[in-house]
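Each chain gets a letter, A, B and so on, in the order the sequences are listed, and its residues count up from 1.
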Protein chains: 2
Amino acid sequence: MHPYINNLSVDCVIFGFDNNTLNVLLTKRQLDDPETGEVIFTDYTVQGHHVLKGERINDAALRVLKDKTGLDNIYLEQFYTFGDTNRLHKERDQLWLKGKFPMMSDHVISVGYCSLVNSAKVQPDLQHQDTSWFPVDNLPLLGFDHETMIMMALEFLRDKIRKEPIGFELLPEKFTLTLLQNLYETVLGIKLDRRNFRKKVAQMKYIISLDEKQKGVAHKPAQVFIFSKDVYERTKKEKLDFSI
Amino acid sequence: MHPYINNLSVDCVIFGFDNNTLNVLLTKRQLDDPETGEVIFTDYTVQGHHVLKGERINDAALRVLKDKTGLDNIYLEQFYTFGDTNRLHKERDQLWLKGKFPMMSDHVISVGYCSLVNSAKVQPDLQHQDTSWFPVDNLPLLGFDHETMIMMALEFLRDKIRKEPIGFELLPEKFTLTLLQNLYETVLGIKLDRRNFRKKVAQMKYIISLDEKQKGVAHKPAQVFIFSKDVYERTKKEKLDFSI
DNA sequence: TGCTGTTGTGTATTTATTACACTAACTAAA
DNA sequence: TTTAGTTAGTGTAATAAATACACAACAGCA
C-alpha cells in the first residue's frame, strides 16, 4: 500500500525570466547500473509527482511547486492533461520506471500545470537537487513526453500573455518598462517599438509608476513601476475579435 | 477485473445552437429503490464515461461522443481536469455510485471536454436514451460537479469564440450572416450592430458567400455563406493585446 | 396589390495602430 | 573634470479599425 495514486500525476512546467531569456526549471534524472555503478543514461524532466491518495490535483501541483522551489502563492494554471497510453514507453523511461518505480501503472495520466515565477526568488533552493534553469530555446534531452509538455506550456503561455497581464509573475515586484518590453519580446519572439509600447502601457491603469528610479546603472536611470492585479480586475474590458 | 480504469473518466459538455438558444446535451439519471421500485431521485448529467484500460483519454472522449450523438469528426477540446477529492460526495451521487458502480474509486479524476455540434445532426439518436437538450441559462438539477463543469465549459467557449472561428461548428454548413450574428449574440450575451458585424465579416476571407440564397422565407431571402477552415489557417494573424 | 418581416447597404466620427529620431541622465574611464 | 558610452524618455503625422446610425429592396402571403 502506497500513499500515492499509481496512475495519476501532476507535472509543473515552471517558467522563469532572466533579462532576455525565458527559462524552464528542470531536474536531472540519472539511472545507474545497480551492479557496476555505471551511468546508463542522463536526461532531464520537469517537476512532477504522483498525486497522493485523498489529495486534490491542484494541491498536488502546489505541493510540487513548494517542494521544488520553496515558493507558495505563485501563478499556477492547468494547461492540458496528458493521457496517451504510450507516453512512458520510450526505452529510457521504461528502464527508469522498472528500476525505480516498479509499483507504478504504466498508463499514468498527468495533469500539466504552467507556473510562472520570479526566478530570483527561486535561486536559494536550487543547490540541493540537480535542478536548474534551461532556456526554452535550448533544452537538454528530456524524459517521458516532457518535451511536448514544455512546448504546449509555452504555447499556452504565449497565448495567455497576449490577452491577460500575467507577465508580471515573471518579473520582480518593481520593474522598468524596458524590462517589461524585453519580457514580451522574449516570450513572444517579436520586436516592439519602444514608443508605441509605452503608449500602450500608459493606457493601462494597472501598471503604476512609483516615485522611484533605478539606482547604480551607468546610464539614465529608469522609472520604476508595479503591477496592480486589483486595479486590473476592476478596469478590464472584453473585446470581440474572432479573429481576422 | 473490469475493462475500465476505476479512477479516471472523461466528461463531454456538448453544446448545440438553436436559432436563439445555446443548449447542452444532458442525460437523465434516475435511481429507483431496488425493493419498492420507488424513485429515489432524478437529475441530469453531461455525457461521460470511464476511460478503458489501454485507451487514450482523447479516444475515450471521442468514443463517448460517438456513443451519445452518433457523430464523429466533430469539434472537441479539453478544457479542464476535475480532481477535487469531494467531487462525487453529494448524497445523491454517493447513493447512485454505491447502488450502481460499487467497484469505482470514490476519487475519480475527470477530464472535461467541450464539444460543439450542429444539433440538427444529432436529433436522430436522441430517441433511445433519456437524452435531450437544455438551454444553458435554464439547466435542470445536475449530478456530481456537472453544474460547475458546464459553467467552466461555457466560459471556455465564450473565451474561445471571441478569438477563434469555432462558432461555425455549431451551425449548419451553409448559413446566413443573420444566423451567424445571432450565434455570437446568443453565446456571448451581447447585442451587435448589423452593419458593423457584416463589415467585420467582409474582412474575413474565410467566410465565403455562395451563389445561393435562402428559399421559402416570407421576406427578402438572405445570401448563403460557408466557412473555410483551410482559408482561415492560411490567412490568420496574431495580435498583441494584454488587455487594456 | 399592398402588408409584413427580414436583408442589405454607406458615411461620418472617434479611437487605435503604426512608423519614426533626438535629447536627457547617469557611470566609468581618460 | 571632461568625455565617451549607454539607456531612458518623449510627440506627431498617417493609416487603419471601431462605432453609431436609417432607409430601400425583396419575398411570401392575404
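Side-chain atoms of A:Gln223 never come within 3.5 Å of backbone atoms of A:Ser209 as a donor-acceptor pair (strictly under, hydrogens ignored). Within the 3.5 Å criterion, the main-chain N or O of A:Leu142 finds a donor-acceptor partner in the side chain of A:Arg92. In this structure a side-chain-to-backbone donor-acceptor pair under 3.5 Å is present from A:Gln214 to A:Ala222.
Among the heavy atoms of the strands, none lies under 4.0 Å from B:Thr176.
The shortest distance between the side-chain N/O atoms of A:Thr178 and the OP1/OP2 oxygens of D:dA8 is below 4.0 Å. B:Lys200 has no side-chain polar atom (N or O) that falls below the 4.0 Å cut-off from OP1 or OP2 of D:dA17.
B:Phe175 and B:Phe227 have their aromatic ring centers separated by at least 6.0 angstrom.
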Once base and sugar-phosphate atoms are separated, protein heavy atoms under 4.0 Å mark nucleotides 22-29 of chain D, 5' to 3', with B, S and - as B--BBBS-

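Summarising the local packing, CD of B:Glu185 is surrounded by more than 12 heavy atoms from other residues, nucleotides or ligands at distances under 6.0 Å.
Taking the ring axis of A:Phe144 as reference, the NZ or CZ atom of A:Arg29 stays within 45° of it and closer than 6.0 Å to the ring centre.
Across the protein-nucleic acid pair, B:Phe197 atom CZ and D:dT19 atom P stand 13 Å apart, rounded to whole Å. Taking atom CG on B:Leu192 and atom P on D:dA20, their separation rounds to 11 Å, with Å as the unit. For the pair A:Lys199 NZ and D:dT10 C1', the interatomic distance rounds to 10 Å; values are reported in whole Å. Protein atom CZ of B:Phe175 is 16 Å distant from nucleotide atom C1' of C:dT7, rounded to whole Å. One can place NZ of A:Lys191 at 16 Å from C1' of C:dA19, the figure rounded to the nearest angstrom. Distance CZ (A:Arg198) to C1' (C:dC20): 16 Å, rounded to an integer number of Å. Computed from coordinates, the B:Asn196 CG to C:dT11 P distance equals 14 Å when rounded to whole Å. Rounded to an integer number of Å, the gap from CD of A:Gln223 to P of D:dA8 is 12 Å.
Results of the side-chain contact (heavy atoms from CB on, under 4.5 Å) test with A:Leu26 over A:Asp43, A:Val13, A:Ile150, A:Thr45 single out A:Ile150 as the only residue that passes.
The listed nucleotides are D:dG9, D:dA18, C:dG10; the one nearest the side chain of B:Gln203 is D:dA18.
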